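Okay, so here's the structure we're looking at.
So you know, we letter chains A, B, ... as the sequences are listed, proteins then strands, and number each from 1. Keep in mind that this is a model prediction, so the values were computed, not measured.
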Protein chains: 2
Amino acid sequence: MQDDGYVAYGVTVDLVILTIRAEQLCVLLVRRGLAPFAGALALPGGFVRLDETLVEAARRELAEETGLLLPEPPPQGSAWPGVHLEQLAAYGAIDRDPRARILTIAFLALAPDLPEPRSGTDAAAAEFVPVAALTGLGGLGGLAFDHAEILADGLERARAKLEYTALATAFCPAEFTVAELRRVYEIVWGAPLDARNFHRKVTGTPGFLEPVGHSTARDGGRPAALYRRGAAEILHPAMRRARAAGP
Amino acid sequence: MQDDGYVAYGVTVDLVILTIRAEQLCVLLVRRGLAPFAGALALPGGFVRLDETLVEAARRELAEETGLLLPEPPPQGSAWPGVHLEQLAAYGAIDRDPRARILTIAFLALAPDLPEPRSGTDAAAAEFVPVAALTGLGGLGGLAFDHAEILADGLERARAKLEYTALATAFCPAEFTVAELRRVYEIVWGAPLDARNFHRKVTGTPGFLEPVGHSTARDGGRPAALYRRGAAEILHPAMRRARAAGP
DNA sequence: CAAATAGTGTCTATGAGACACTATGCA
DNA sequence: TGCATAGTGTCTCATAGACACTATTTG
């Protein structure tokens, strides 16, 4: 780190907030009210204040956009539909914002089905949009700034991490069945998985799932045992990613 | 991205440049000449200019610090001791620089044994330091700013990526033997690997290694076939990381 | 020849993938 | 009873890991 050459940048955080609603992978987008890109969809985000770190800024934006409780502090012991938040990458193309040189640090958030997003102070309107509806229209086109690229990176990160981490549980409520967890994988990867093998894999991996004892019959068949996420963060060996079917 | 709340940050890039010299994993460090942290070791880096992207700034610093040819453009077809360069993460703790709010984007570079680093315009002195010499002294302590954390993240990224990518070849010259590649894994992971199984794995994975036809006998046994890196970027199934032996 | 390193073959345990089968609820 | 979903068992194939063995050089 040198001591000459200081120039000033604007720094924002932008969030790729993913959830699953109505059997679809959705991303939270806001409709921009102001120029540039007025009227276009964009990832939620905002400037980083001088008195907060990058993660704190991301957590603040997450709360503002979703009205959601912050992922920290983790409550003692029991069931918590944890929102996962991690840094994705920094984006610094010279003209990514036409007004000034603005750098953004993108974060990836994974959450269980959230309450309807309440408009933050800044966001004109926030809504969960099915990812398929965006990719269908010519490769994520139409997003403001370089947000198509950021979203693509976030999606790839999420898909990849399902393979070798226990992250899929972040899309589930505090207690869930094996079938619900499997649906998460199938929806995120866009490909079906063998229910029997999946069951053996996730229940056989120590620390992945923790049985809560009782069961439920939400779906009208034999009642399924309920689990909550276990302590294991990584999965070894990894789950093999099924290749997406269809277009 | 909102339109209010703009504040100005300084933005730097810092580089974790790893190489292998004399059977040891080494990182390029500079001795700081100026306050803060004058006299301390630090990662090389510098401010991002207004007319360059983050990667361009990283590439410029890499060239300045190492005198090395840039990893791009990749020359047609043949042997190139590619320097690998990728973004690591952004670091934005409030007081990470005591002078001002400065954000840094860290990059990770992996290179084959480099010529002696020539002092760049800014660096007082740059030298490759064995990582073991740093970790031995109480957890990477003594580095300026938050560079101990950045270095730790870079090391972990490098170790992890050897598992599931063909990245280890970035530590090798353009043409190398299987044994040399295996030494890379052993040095980075700090644990021995079975030579026979390793050989089967890397030669059996399509696209990982590309035989160049001739062979060499640098080490006095049966001559070994030479390879250059193949087209495959990822390794599936992954190589299993051996757990580091000893302290 | 011995020593040293390169490279192959073979066995075993494990896990993925395919899929038949049993278990337990509800209408 | 039939139907739907949960969960288990079993087979086959691929691969990691262990390690005996052969191959090709130098001294």
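- Straight-line distance from the CG atom of A:L209 to the C1' atom of D:dG7: 14 Å, rounded to whole Å.
- Atom CZ in B:F198 sits roughly 17 Å away from atom P in C:dT5 (whole-Å rounding).
- Put simply, the side chain of B:T205 never gets that close to the backbone of B:V202: no donor and acceptor are under 3.5 Å apart.
- Looking at heavy-atom distances under 4.0 Å, B:A195 makes no contact with the nucleic acid at all.
- Screening residues 82-93 of chain B for salt bridge (charged side-chain N to carboxylate O under 4.0 Å, His left out), with sequence neighbours left out, gives B:E86-B:R157, B:E86-B:K161.
- End-to-end axis angle for the helix from C:dC1-D:dG27 to C:dA27-D:dT1, using five pairs per end and rounding to 10°, comes out at 10°.
- With sequence neighbours excluded, the residues that form a side-chain hydrogen bond (donor to acceptor under 3.5 Å, both in side chains) with B:E156 are B:R241.
- Side-chain N or O atoms of A:T104 include none that pairs as donor or acceptor with a backbone N or O of A:A106 at under 3.5 Å.
- Remark: A:K201 engages no residue in a side-chain hydrogen bond (donor to acceptor under 3.5 Å, both in side chains) (not counting sequence neighbours).
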Report, as a single string ordered 5' to 3', how protein heavy atoms within less than 4.0 Å touch nucleotides 13-19 of chain D: B base, S sugar-phosphate only, - not at all. ---SBBB
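- In this structure, A:Y164 has no ring pair (Phe, Tyr, Trp, His ring centres under 6.0 Å) partners at least two apart in sequence or on a different chain.
- OP1 or OP2 of C:dT8 sits under 4.0 Å from a side-chain N or O of B:H199.
- B:D194 places a side-chain N or O within donor-acceptor distance of the main-chain N or O of B:N197, the cut-off being under 3.5 Å.
- If you measure from atom CZ of B:R222 to atom C1' of D:dG27, you get 19 Å, rounded to the nearest angstrom.
- Atom-to-atom distance recorded for A:H147:NE2 and A:L134:CG is 13.5 Å, nearest 0.5 angstrom.
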